[in-house]
Amino acid sequence: MDKTYNPQNYEDKIYQKWEKSGFFNPDNLNLSKNAPTYTIILPPPNITAKLHLGHSAMLAIEDLMIRYHRMKGYQTLWLPGTDHAAIATQNAVEKKIFKERGITRHDLGKEKLLEEIWKFLKQTQATILRQTRKMGASLDWSREAFTLDEQRKKAVAQMFVDMYEAGIIYKGERIVNWCPRCHSTLADDEIEYKEQKAILYFFKYSKDFPFIIATTRPETKLGDTAVAVNPKDKRYKKYIGKIYKINFCEIPLKLKIIANREVDMNFGTGVLGVTPAHSMADWKMAEENNLEIKKVINEEGKIYKGFNEFSNKTTTQAREIIIKKLKEQNLLEKQEEINNNLSICYRCGASIEPLPSKQWFISVDKKIKKLGNKSLKEKAIEVAEKEEIKFIPERFKKRYLDWMENLRDWCISRQIWFGHEIPVYYRKQEIYVGVKKPESKNWTQDPDTLDTWFSSGMWTFSTLGWPDNFKKNKKSGDLLKFHPTQILETGYEILTLWVSRMIMMSLFALQEIPFENVYLHGMILDKNGKKMSKSKGNGIDPINMIEKFGADAVRLSMLIGSTPGNDSRLSEEKIEGFKKFINKLWNIARYILSNVKCQMLNVKYQNLTLADEWILNKFNNLIKKINDDLKKYNFSQAGEKLRKFTWDDFADWYLEISKFEKNEEKNEILFYILKNLLKLWHPFIPFVTEIIWQEIKTNNLLMIEKWPTVSNKFTNINIDNFEIIKNIISAIRNARSENKIEPSKKIKTIICTEKYVALIEKNKELIKNLKTNINELEIKKSCDVKTQDDRVIRIIIDDIEIYLIDAKDKEKEQARINKKIIELEKLIFNLKRKLLNKEFINKAPANIVENEKEKLKLYQTELKNLKL
RNA sequence: GCGCGUUUAGCUCAGUUGGUUAGAGCGUCUCGUUUACACCGAGAAGGUCGGGGGUUCAAAUCCCUCAGCGCGCACCA
């Protein structure tokens, strides 16, 4: 073993060894059929780019849970895959070919573009899978899936057909969010908002119209068919119901004055021009009032034909002309700058145009027989409310429910080329919906593709063999064995986008939940708390970090110091710190393996020293705590406890003691703790632990070793005596450091209260040897000491007085004592007051009162001694 | 506008149902080249737990309120 641990030399080899072993696949674990299963389906990364730190966090957390359960004896399946990310991928490729060749997708044509996309996809997909392996992820590659492979195509088509036949999928005309750049619809939550300044124009449609309206989009007013006012608004009450026929910029409009409670009397003039075709709210008003729907803007973002000079102009051009005309006709009252939230496409940033369009929808409100006559929405709410699905952290349940309750029908068709084709075929007036294209001629398929979340919504069961494994409403094969899965672990930002869809899709297809728990991790921010992004250049590349510090260090930096659902900051320094820890673990193992003959004998643990008992107690309690923390998803705390034990207790104390305190069983204890410590660490840092395990030359892989069990024999040992010795040693070290006792003037004598003489005498060697710089040592009773002696340093540890002979700096010591006295007086004052309080005495638990009383006594003796 | 989160040491963050003197890592300072490790060891300094009020014998923890920061949803004519 090298002096320092160099991850590059080992990681790839170890990963290959794991993969070859076949144990990533639960079928090879040789477990009984009754062994419980534990399944996580990996959230498939988009194949648009390489791995980022969010993925690393996801992989670290999931691999931790997976490896832990595998070692605990579960049939553990972690199923990998990638997502075709329809719009995102097509955009990425379109950008690429435009940059490289200056051509658009329309120049290229559908077939060629798809060819390009598949070429691109193969590359990025391979990169992502290679990078996932670099993280040490123990995924079952034999079950790998892609959201757009043959099996998933089959599942998606079947799902569409089933939903269509159940009347859940329908085609309808609605206002949709249209991205003129992507030429496609977007779902409500695919929209982002950007705050910006906008101009609010106040004007009259024409001279003969009675009042002024205000709008930020004058060009849409060409399609107004009504004007809405608040029914309570006294200014306009008398106009309600009237109809005006006017000319607005030479375009004839027929406007009905309607009342609507949602009109804000204080915004603008309190009058709202209703444009049913280009506003979601106005569409609703149109439905309620039977208004005519007049389309103004087409799918190119241009004005339709039939609007005179405006036709074929862009919205911006049209707006300019209208403003000019209004000014000429003296109809423009004023302009005001306001803050406005612009809707933009989450992919390309172009501003969204709401337009009416014929699209495919999934109804969330239609009652479904096989769901007990409940709708998808109702059922999806029910499973969360009844806690069939639990959220970690819990607060996300509320966010999920809020979103679900306000959910509208989900528009699933997209006007892009890359994606799942819609299994709908047309022939003149006929329509056919089926998994396979009808054999007779002249059928053409629906040109649209499906929203990428449609296929990823089916991810938990499409990967487990649905629909083949689901005949006559009965699960079989993998689907029977592994569904519902135990946990879905993902970033909270896709809670609504993805998690909710998965729940609805699974409920519809299988009438069961897709997962029992949803664990949501936070975002990884840079060290200034900013989101990492390519454009800002503040991103940390995980692969780069793995090369520099090793995968284990990267994993630890994701797991320790962050809590579920909260964002966390990451810096190179943090990762570097964990690399140091890994090196420490490496050296602990190196020391033990080179100094200790390691063989697991049947040790009886009979001649144990204080230190032996102490470390065995600590270790067995550690196992208990780790189990507890992992059960509660407190990964960070589990990691910190492990680190504390490994570094502070095991390395700094026990290993040091083992260098001189020899007894028969020491080797066995060292070896026992090392072996089991490696097991506890394995889910966190699989590489280094496995490499050390291989150095021990065991025949098995650590990956499939049994998780350590707690030995109750040691958990209840009293370790107070060792703690006392530890404190004495610390106090001596402290005195050395604080008072600068010169090495030449050696401490020879410890004088203490009678009660402890025997204990300290017995552990004299320990005290001498543990970096206290003491060669000779005699222990005396405290009644013998001359406290007036200048050379005496008095240390009080709990109720033990210790006098160290030979102090150099008297003043410093006095200052220290004075400070301590003040502290003690304060504590005693507070304690006395507390103990005089009758309510405390009567109401607080007896042990706590007792505790306080003892404490008071202790402080008082300590104070007395100090004041001497 | 509604909702959620957050505010703890110089920095980054823990703190599990209220209960010893509020913890860790990094940073700072002091000392130390003892053959596992200088990617090390031994110590120290540093906090009125965002402000105010309340409940309780007891509050970082529960309630109210105010403020800063972040996020989600809605509005956006």
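Side chains included, hydrogens not; waters and symmetry mates left out as well; all remaining heavy atoms used. Each chain gets a letter, A, B and so on, in the order the sequences are listed, and its residues count up from 1.
Considering only side-chain N and O atoms, A:Lys855 lies under 4.0 angstrom from the phosphate OP1 or OP2 of B:U21. OP1 or OP2 of B:G41 sits under 4.0 Å from a side-chain N or O of A:Trp647. OP1 and OP2 of B:G43 both lie 4.0 Å or more from every side-chain N or O belonging to A:Lys771. Considering only side-chain N and O atoms, A:Ser730 lies under 4.0 angstrom from the phosphate OP1 or OP2 of B:G43. One finds a side-chain N or O of A:Arg733 lying less than 4.0 angstrom from the OP1 or OP2 phosphate oxygen of B:G43. An OP1 or OP2 oxygen of B:G15 is reached within less than 4.0 angstrom by a side-chain nitrogen or oxygen of A:Gln637. Between B:C57 and A:Lys843, a contact under 4.0 Å exists linking OP1 or OP2 to a side-chain N or O.
Side chain A:Lys584 to base B:C39: no donor-acceptor pair is found below 3.5 Å. Below the 3.5 angstrom threshold, one finds a donor paired with an acceptor across the side chain of A:Glu656 and the base of B:A36.
The shortest side-chain heavy-atom distance between A:Glu854 and A:Lys857 does not fall under the 4.5 Å cut-off. Residues A:Leu355 and A:Ile175 fail the side-chain proximity criterion, which asks for heavy atoms closer than 4.5 Å. Side-chain contact between A:Leu770 and A:Glu656: present, with at least one pair of heavy atoms (C-beta onward) separated by less than 4.5 Å. Side-chain atoms of A:Ile588 and A:Thr646, non-hydrogen and from C-beta on, do get closer than 4.5 Å to each other.
The partner of B:A38 cannot be assigned: no Watson-Crick or G-U wobble pair with both contacts below 3.5 Å exists in any strand. Pair assignment for B:U55: none, as no Watson-Crick or G-U wobble contacts are both less than 3.5 Å. Base pairing annotation: B:G1 forms a Watson-Crick or G-U wobble pair with B:C73, both donor-acceptor distances under 3.5 Å. Under the Watson-Crick or G-U wobble criterion, with both distances below 3.5 Å, B:C13 is paired with B:G23. Under the Watson-Crick and G-U wobble criteria, each requiring two contacts below 3.5 Å, nucleotide B:A67 is paired to B:U7. In this structure B:A45 sits in no base pair that meets the Watson-Crick or G-U test at under 3.5 Å.
One can place CG of A:Asn842 at 13 Å from P of B:A58, the figure rounded to the nearest angstrom. One can place CD1 of A:Ile729 at 15 Å from C1' of B:G43, the figure rounded to the nearest angstrom. Atom NZ of A:Lys625 and atom C1' of B:G23 are 14 Å apart (whole Å). When the C1' atom of B:A74 is taken as reference, atom CG of A:Asp264 falls 14 Å away, rounded to whole Å. At whole-Å resolution of the value, CD1 in A:Ile575 and C1' in B:C26 are 14 Å apart. Taking atom CG of residue A:Leu525 and atom C1' of nucleotide B:G5, one finds them 14 Å apart after rounding to whole Å. Atom CG in A:Leu497 sits about 13 Å away from atom C1' in B:G72, given to the nearest Å. Taking atom CG of residue A:Leu835 and atom C1' of nucleotide B:G19, one finds them 14 Å apart after rounding to whole Å.
Rounded to whole Å, the C1' atom of B:A74 lies 10 Å from the corresponding atom of B:G3. Rounded to whole Å, the P atom of B:C31 lies 47 Å from the corresponding atom of B:G18. Atom C1' of B:G52 sits at a distance of 11 Å from the matching atom of B:A67, rounded to the whole Å. Separation of the P atoms belonging to B:A22 and B:A9 is 14 Å when rounded to the nearest angstrom. B:G23 and B:A45: their P atoms are spaced 13 Å apart (whole Å). With C1' as the reference atom, B:C71 and B:U65 are 23 Å apart, rounded to whole Å. For the C1' atoms, the distance linking B:G53 with B:G46 amounts to 30 Å, nearest Å. Of the C1' atoms belonging to B:G1 and B:U48, the separation is 37 Å, rounded to the nearest Å.
Backbone-only engagement by A:Lys398 is indicated by non-hydrogen atom pairs under 4.0 Å involving sugar-phosphate atoms exclusively. The residue A:Ala651 sits close to a base: some heavy atom pair falls under 4.0 Å. Nucleic acid contact class of A:Lys659 (heavy atoms, under 4.0 Å, all strands): base. A:Leu495 comes within 4.0 angstrom of nothing in the nucleic acid, heavy atoms only. Among the protein residues, A:Val263 comes within range of the nucleic acid bases, having at least one heavy atom under 4.0 Å from a base atom.
Side-chain atoms of A:Asn583 lie closest to B:C37 of the nucleotides B:A14, B:G19, B:C37.
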Polar pairs (N or O, both sides) under 3.5 Å between protein and nucleotides 9-13 of chain B?
unit_1: B:U12; atom_1: OP1; unit_2: A:Arg569; atom_2: NH1; d: 3.1
unit_1: B:C13; atom_1: O2'; unit_2: A:Gly561; atom_2: O; d: 3.4

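At distances below 3.5 Å, at least one donor-acceptor pair connects side-chain atoms of A:Ser557 with backbone N or O atoms of A:Val554.
Projected onto RNA chain B by closest heavy-atom contact, A:Ala228 and A:Phe840 fall at different nucleotides, the more 5' of which corresponds to A:Phe840. Looking at which nucleotide of RNA chain B each of A:Lys580 and A:Asn595 is closest to, the 5′-most match is held by A:Asn595.
A ring-centre distance under 6.0 Å is not found for A:Phe578 and A:Phe549. With ring centers used as reference points, A:Phe684 lies under 6.0 Å from A:Trp681. The distance between the ring centers of A:Phe645 and A:Trp653 does not fall below 6.0 angstrom.
With hydrogens and angles left out, the side-chain atoms of A:Tyr236 and A:Asn230 include no donor and acceptor closer than 3.5 Å. Between the side chains of A:Asn727 and A:Ser730, not a single donor N or O lies within less than 3.5 Å of an accepting N or O. A donor atom on one side chain and an acceptor atom on the other are found under 3.5 Å apart for A:Asp567 and A:Tyr492.
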